[in-house]
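All chains are named by letter (A, B, ...) in the order of the sequence lines, taking the proteins before the strands, and each is independently numbered beginning at 1.
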2 protein chains.
Amino acid sequence: MASTRPAAADRPATIHDIAALCGVAASTVSRALSTPDRVNIRTRQRIEAAAAQLHYIPNSQARALSSGRTGAVGVLVPDITNPFYFDLIRGTQLQLKAAGYTQLLVDTEESDEVEASTVEQLRKSADGIIVAASRLSDDALLAAAAKTPLVTVNRDVPGVPAVLIDTPSATSQALDHLVSLGHARIAYMAGPVTSQSSARRWTALSEAAEERGAEVLRLGPFAPKTQSGAAAADAAVHSGVTACIAFNDLIAIGMLQRLRERGISVPLDMSIVGCDDIFGADFCNPPLTTMASPIEQAGRVAVSMLLAQLNPLAVGGARTRSVMPTHLTVRGSTGPAPLT
Amino acid sequence: MASTRPAAADRPATIHDIAALCGVAASTVSRALSTPDRVNIRTRQRIEAAAAQLHYIPNSQARALSSGRTGAVGVLVPDITNPFYFDLIRGTQLQLKAAGYTQLLVDTEESDEVEASTVEQLRKSADGIIVAASRLSDDALLAAAAKTPLVTVNRDVPGVPAVLIDTPSATSQALDHLVSLGHARIAYMAGPVTSQSSARRWTALSEAAEERGAEVLRLGPFAPKTQSGAAAADAAVHSGVTACIAFNDLIAIGMLQRLRERGISVPLDMSIVGCDDIFGADFCNPPLTTMASPIEQAGRVAVSMLLAQLNPLAVGGARTRSVMPTHLTVRGSTGPAPLT
DNA sequence: CACGTTTTGGCAATCGGTTGTCATGTGTCG
DNA sequence: CGACACATGACAACCGATTGCCAAAACGTG
């Protein structure tokens, strides 16, 4: 049909196109689509019909610019290739999508600098941020949280909403498990020095060990990668312990491989406990005894907490801290202590 | 200092703040920052100093709105939790960051509908799109590529730039390997029906089998998850083959687990070949013989091809197709055919 | 029927940049 | 020394939506 409008080009439709088609003002279209109550139901239906007909998709940039809300949430993880984060990412992705948000996933490469600059960057282009296993200092996190809605995962800083995974308590379970199997000298293969969860876990472990009269020693730090497992295994063997609790499954799996290479039997000569129950923990050789937790759920909870900050509609203050339970999953990598 | 300007608030600095500080127009600031040559070097330096002093960070929304360029690239994968994509994602992330782009990672949940709507969505908020293992039809992909710069990975559609992983040729290698071990009846455990790589691989495999006088049969389809491995293993056992080539490592690993449960020895009773050499393929039990390729590099190449589309500065036409080599990595899951 | 109240919808400013146009100012050359 | 090209920077129009403000319309009531 011959139209007098400038161009019904192939270009995506805007509210102006809709307005022209309906013979109303662009602002009315905007209202009809975002605050339906402020507009006559019949006008609204005409507008909705026109929007559908034109395959209208709102321009998120423009919306962000004028409203200040971007509809995006940044999710920062230290290492995308660490399977631990798969489930977390999956959880955040699902929950964010359900709420109509877009996930901006960034790998901070275990670097506090990348993390800091990303947080700063995201302050403009995201409505909120979820930071997993932050490498930032408490102060930096606190400052960031003051400027942007932010939720941490596995990082406990007073004043910053957080989802915590209760590995410390699972650590005691792991210790009990090993002690009951007759192990008396146990090593903790520590994670990065900047990792708060590693520190918390070691504290819990050494306290629990004292109560039970077991001896624990701390080795490392080790990078949370399977490659570090070789060094960890060698350190463990050299230290003479009969059982190890690793910072995470990656290190534990790496140890398994190295010990096998060295002809040291797991669990006959050495027992290994991992942490996180990542992809692979159930099919490595031997299958790994590890501390499991509902990671995907942690991601969902983190999103919920963040959204509660963004839309403080609920009267009661939103939960600002959530602790995910963790339990020990016993598989084949732990067994009775070798006879001396 | 007492300033006459409206507000030196805590709010992030804009080019207007810089302009006011330097006593020039905002447009000059814009030019100084984006087209430095168009501005006097001394003015420019003053502006740059002011920008640094004010910790100026450009607002990406505003920039996107007026320039049309968002500085973001969408990366679509069917399943974030599939380890195959870790390396790909890592590759795209690194290369994109190096080029100053932001990665928008989306999990399309193996759904063509989600994929289609995401592509449409991203058309506005990203400068280009990389689609891994697309579930869309050739026509849909072609149409999308016409509207948005787009590169596919592992999906060959004429007219759409693509990075292909040459698993078909590796499939022949795998077949040779198995035939030389004495296997005569071999099953291919197919992937999703919508997966083009699965189809291509089957074609290559059946052709190669004909040349070599081996018998191959196709079982499935199976979902690319370890859970499907159980069904795959049972189907393989029932079919009476002595060796299987699986669509990917997830299925292969699942088969390993199931066969172990059923007391069938790998590789004594059954040989298994996977594909992708994902995380876990080297430490499962037994370690998996699999077809390996430089996935991270594939991600980087995909980004390069996309960026070449975005900035067609090079005179010669950009490469529109790139094939990544694949080779067979022999580990413990394959061995001589059992004596009949 | 007049008046007050509530809906309803239009106008225009605004978000923070980019970019085309144009008026200067500077330098070079014949 | 005049003419001309070019470098420079100001102005203003946009990009596509949101939103405060106000006027017109619709409604109800006495």
Hey, can you pull the residues of residues 29-51 of chain B with a non-hydrogen atom under 4.0 angstrom from DNA chain C?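 When residues 29-51 of chain B is checked for heavy atoms under 4.0 Å from DNA chain C, the hits, listed by number, are B:Ser30, B:Arg31.
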In residues 56-63 of chain A, which ones come under 4.0 Å of DNA chain D, going by heavy atoms?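 By residue number: A:Tyr56, A:Pro58, A:Asn59, A:Ala62, A:Arg63.
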Any side-chain heavy atom of [X] sitting closer than 4.5 Å to one from [Y]?
| X | Y | answer |
| --- | --- | --- |
| A:Val73 | A:Thr92 | no |
| B:Pro192 | B:Arg135 | yes |
| A:Asp79 | A:Phe84 | no |
| B:Arg46 | B:Val24 | yes |

For the helix from C:dC1-D:dG30 to C:dG30-D:dC1, what angle lies between the axis at the first five pairs and the axis at the last five pairs, to 10 degrees?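 Roughly 40°, once rounded to the nearest ten degrees.
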Looking across every strand, which nucleic acid part, if any, lies under 4.0 Å from B:Ser27 by heavy atom: base, sugar-phosphate, or nothing?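 Here B:Ser27 touches the bases of the nucleic acid.
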Salt bridge (Lys or Arg N to Asp or Glu O under 4.0 Å) with A:Lys97: which residues, sequence neighbours excluded?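 Expected list: B:Glu109.
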Name the closest nucleotide to the A:Ser67 side chain, picking from D:dA17, D:dA12, D:dT19.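 Nucleotide nearest to A:Ser67's side chain: D:dT19.
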When rounded to the nearest 0.5 angstrom, what is the spacing between CZ in A:Arg63 and OG in B:Ser125?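 So the gap between those two atoms works out to 11.5 Å.
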Start and end of chain B contact along DNA chain C [non-hydrogen atoms, under 4.0 Å]: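 Going 5' to 3' along DNA chain C, contacts run C:dG16 to C:dT21.
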Within 6.0 angstrom of B:Glu113 CD, more than 12 heavy atoms from elsewhere: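 Incorrect, the count does not exceed 12.
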Atom CD of B:Gln121 with >12 non-hydrogen neighbours under 6.0 angstrom: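 Incorrect, the count does not exceed 12.
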Residues in side-chain hydrogen bond (donor to acceptor under 3.5 Å, both in side chains) contact with B:Thr102, at least two apart in sequence or another chain: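 In terms of side-chain hydrogen bond (donor to acceptor under 3.5 Å, both in side chains), with neighbours along the sequence ignored, B:Thr102 is linked to no residue.
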